[in-house]
Amino acid sequence: MRIWTLCLLLLITAMAPAAFAADKDTLVVAVSSDIHTLDPGVSSDNYDWRQIYPCYDRLVKYKVKDGVGLTEVEPMAAESWAVSADGLKWTFKIRKGITFDDGSPLNAEAVRYSFDRTIAIGKGPADNLTAIASMAVVDDYTLEITLKNPYGPFLQTLATDGASIINPKVADRAVNDDKAQAFLAENVDGSGPFKIVEWTRGQRCVLEAKPNYWGDKPKLKKVIIRFMTESADRRMALEQGDVDIAENILIDQIPALEKNTNVVVKRFPSQMVEYVYVNCQNEKLKNPAVRQALSYAVDYQGIIDHVLQGNGVQMRGPIPDGMWGHRKDVFQYTKDVAKAKELLKAAGAENLELTLIYSERRATWEQIALVMQANLAEIGVKLNLELMANPTLRDKIDKGDFELCLGAWSPDFADPYMFMNFWFDSAKAGLPGNRSFYKNDKVDELVRKAEVSSVVEERKKLYGEAQDIIMQDAPYIFLYQIQTIVPLRANVQGYVFNPMLESMYNFEAISKK
């Protein structure tokens with residue numbers, strides 16, 4: 001009897017994923033990497049935001065038109081706003097009737113508390129709120145924000161992760177004045193359309209829809225995020241109907257999915273780029289000539305043609321094509337083995353040995369790492385490869401404990417600030433964005449001037465000048481701008497891709513027929 005019971009339990013467990021996917025009220029998404037933290041005041045990772053965004057409201061959200069995500073914003077928790085003629089004072093009217101799970105109201109004080117908390121923690125998300133000089137609660141549902149200087153993309157920054165509105169009562173969870181970071185790393189306390197009811201590390205995260213959400217009610221009752229490190233496993237689960245959406249499938253596995261009549265493969269032009277952080281503070285890599293040699297060693301087109309199967313384009317400068325500030329005439333590295341060897345010899349860096357770290361986050365990274373290993377061998381550089389869990393890799397990045405690291409980046413809002421200031425301002429070293437620990441006083445001056453200007457043409461000129469310096473300093477190996485591919489079951493309805501929210505989903509509007 002006991003043996004039969006055990007067998008039955010094992011059978012039920014084995015069938016559970018398929019059963020969930022077959023349930024029209026439950027969406028199952030297969031992803032490659034676990035969550036790092038659930039704290040919106042700490043996380044700088046889209047893979048965390050996938051779970052964070054649905055659990056919180058923000059003052060504004062990105063617009064959707066004709067099933068397409070846009071870069072402009074519209075009201076969310078703020079029903080309206082006004083800005084002074086000098087662009088410094090913003091007054092927000094907060095929508096009444098929004099409550100947190102414990103029944104307390106989302107009001108002006110909750111917004112003030114949340115922004116203050118993010119700024120005080122001072123990690124990556126705070127960078128989107130650095131324009132704020134002060135905040136004043138005018139009345140229960142009116143918040144006045146004064147900026148340090150006019151800042152063009154300010155409204156868009158309020159749609160980002162760091163602007164998530166947290167229940168102020170979370171302060172009671174603080175331990176040793178950590179501003180409840182320990183609690184919010186593993187829990188959520190927001191007013192969004194979903195809440196997290198389970199997070200089993202390495203296995204899954206479960207989001208449950210709130211039936212009393214103030215806005216449009218979610219069409220789903222539950223979302224299950226399954227952490228599956230192998231692309232082949234995610235693909236098979238999608239084909240078999242065990243999951244509804246599969247992220248980050250290897251390019252060479254896509255044609256087989258396209259032949260499956262139960263699967264739809266969607267492609268979207270993306271602002272996401274992939275590149276290599278070159279640690280400029282590392283003794284081996286301090287010399288710009290060494291960094292230039294590495295950029296000359298890489299077979300960019302070979303990676304695009306053979307690893308991406310043509311689904312990408314080589315980056316020309318740090319600002320992606322399609323965003324204002326992109327320069328089609330800026331210097332671009334191409335593979336030049338002789339030039340790379342010449343630079344290494346002049347720098348006295350022959351017989352160089354380096355380590356490239358990468359995670360399972362992107363299905364293509366292992367192949368790219370192997371291509372780079374072969375490319376660098378051609379110029380006499382021994383490249384060791386080290387695969388590690390994404391949370392471990394991110395900790396190393398933040399501490400500067402690496403030599404080379406594969407990375408990906410997508411903007412939170414449609415402004416070159418997301419690339420130029422985050423990647424190159426020396427004040428943002430580590431996870432906030434400057435992951436190469438690059439420092440150039442002139443570049444700091446240029447990008448900071450561009451940040452505080454509200455004149456687009458002036459900002460273009462400043463960013464353009466900075467790009468010329470950056471390309472010579474080679475603090476990153478700029479690989480490619482990608483095309484996003486999303487395979488999903490044919491019965492999934494309402495999915496919207498937003499180029500500002502890579503690897504995230506509009507769960508509240510998705511349904512299954």
Side-chain angles (χ1 to χ4, degrees), residues 32-33 36 43-50 53 71 123-125 127-128 153 156-157 159-162 247-248 268-280 295 298 300 303-304 308 311-326 356-365 368 390 393-394 396-398 400 402 404-425 428-438 443 447 463 466-467 470-471 474-484 497-504:
S32 60
S33 181
H36 182 245
S43 176
S44 297
D45 191 330
N46 290 41
Y47 279 28
D48 296 342
W49 300 351
R50 182 199 301 111
Y53 261 76
T71 58
K123 296 188 177 177
D127 292 324
N128 284 340
Q156 289 182 316
T157 67
T160 65
D161 162 72
E247 276 188 15
N248 201 14
F268 305 94
S270 170
Q271 293 284 299
M272 176 173 271
V273 300
E274 297 196 4
Y275 56 132
V276 178
Y277 319 144
V278 182
N279 190 340
C280 298
S295 285
V298 176
Y300 302 93
I303 290 173
I304 291 166
L308 302 186
N311 287 285
V313 60
Q314 184 182 350
M315 291 177 69
R316 182 177 284 275
I319 301 175
D321 194 5
M323 179 174 287
W324 71 264
H326 172 74
L356 171 70
I357 63 173
Y358 64 102
S359 75
E360 76 289 349
R361 174 172 180 169
R362 306 289 295 174
T364 54
W365 279 357
I368 292 168
N390 203 55
L393 177 133
R394 292 180 65 78
K396 282 185 169 289
I397 293 168
D398 205 29
F402 69 94
L404 304 175
C405 176
L406 270 168
W409 184 273
S410 64
D412 301 342
F413 50 88
D415 191 282
Y417 174 92
M418 281 301 311
F419 294 86
M420 297 300 294
N421 293 75
F422 275 89
W423 287 11
F424 306 112
D425 189 325
K428 301 186 190 301
L431 276 182
N434 186 345
R435 296 171 183 179
S436 66
F437 291 81
Y438 171 66
V443 170
V447 299
Y463 282 143
Q467 286 182 70
I470 287 161
M471 295 311 294
Y476 301 97
I477 300 173
F478 299 104
L479 294 177
Y480 50 79
Q481 185 174 341
I482 69 171
Q483 181 183 57
T484 298
F497 172 80
N498 190 307
M500 300 297 102
L501 300 176
E502 287 276 355
S503 303
M504 286 182 275

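The analysis underlying the following values was restricted to heavy atoms, covering all of them including side chains, and did not include hydrogens, waters or symmetry mates.
- Counting only distance, with no hydrogens or angles, the side chain of Gln481 and the backbone of Asp321 share a donor-acceptor pair below 3.5 Å.
- Between the side chain of Trp423 and the backbone N or O of Tyr438 there is no donor-acceptor pair closer than 3.5 Å.
- Met323 and Pro416 get closest at one heavy-atom pair: SD-N, 3.6 Å.
- The nearest pair of heavy atoms linking Arg435 to Ser44 is NH2-O, 4.0 Å.
- A salt bridge is defined here as a Lys NZ or Arg NE, NH1 or NH2 lying under 4.0 Å from an Asp or Glu carboxylate O, and Arg50 with Glu247 meets this definition.
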Open item on the list: One pair to check against salt bridge (charged side-chain N to carboxylate O under 4.0 Å, His left out): Arg361 and Asp45. What are the steps and the verdict?
Closed with: CA-CA 11 Å; Arg361 174 172 180 169; Asp45 191 330; 3.2 Å; yes
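- Of all non-hydrogen atoms in Ser43 and Asp161, the two that sit nearest each other are O-OD2, 3.0 Å.
- Contact record, Asn421 with Tyr463: OD1-OH, 2.5 Å, taken as the closest heavy-atom pair.
- For Ser32, the side-chain contact (heavy atoms from CB on, under 4.5 Å) partners two or more places apart in sequence, or in a different chain, are Tyr47, Arg234, Asn248.
- When the salt bridge (Lys or Arg N to Asp or Glu O under 4.0 Å) test is applied to Lys428, the partners found at least two apart in sequence or on another chain are Asp127.
- By the 30° and 60° cut-offs, the orientation of the rings of Phe497 relative to Phe268 is parallel.
- The two residues Gly407 and Tyr277 make their nearest non-hydrogen contact at CA-OH, 3.3 Å.
- With hydrogens and angles ignored, the 3.5 Å screen pairs a side-chain donor or acceptor of Asp398 with a backbone N or O of Leu431.
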